[in-house]
Chemist: 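Dumping the structure here so I can ask a few things about it.
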Amino acid sequence: MWFLFVCGWCGEDNAVFCARTGFWGTRFEDPEEFDCWWCEGTSWTPDGPWTPAE
């Protein structure tokens, strides 16, 4: 599932894929960090809850 994370450097929204995990598939495994598509800076994923990307 795709979630929106905000870049810590430029403030731009980034859609990041998080794979489903757990027995019922209700949890998501997030990457520790992601690269911003706009400024190419590396940011860390925040603690949940997260905003699903549409």
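We use all heavy atoms of the structure for the numbers below, so side chains are in, but hydrogens, waters and symmetry mates are not. In this text, all values refer to a predicted model and were calculated from it rather than measured experimentally.
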Chemist: Could I get the full list of side-chain hydrogen bond (donor to acceptor under 3.5 Å, both in side chains) partners for Thr45, not counting sequence neighbours?
Modeler: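 For Thr45 the side-chain hydrogen bond (donor to acceptor under 3.5 Å, both in side chains) partners, ignoring immediate neighbours, are Asp30.
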Chemist: Transitive ILVMFWY cluster of Phe23 at side-chain heavy atoms under 4.5 Å: who else is in it?
Modeler: Trp24
Chemist: Enter the distance from Arg27:CZ to Thr21:OG1 here, rounded to the nearest 0.5 Å.
Modeler: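 So the gap between those two atoms works out to 8.5 Å.
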Chemist: Name every donor-acceptor pair, under 3.5 Å, that has one atom in a side chain of residues 3-20 and the other anywhere in the protein, sequence neighbours excluded.
Modeler:
unit_1, atom_1, unit_2, atom_2, d
Trp9, NE1, Thr42, O, 2.9
Asn14, OD1, Trp37, N, 3.0
Asn14, ND2, Glu12, O, 3.0
Arg20, NH1, Gly25, O, 2.8

Chemist: Restricting to non-hydrogen atoms, name the atom on Pro52 and the atom on Trp50 that form the minimum distance, rounded to 0.1 Å.
Modeler: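 Heavy-atom minimum between the residues: CD-O, 3.4 Å.
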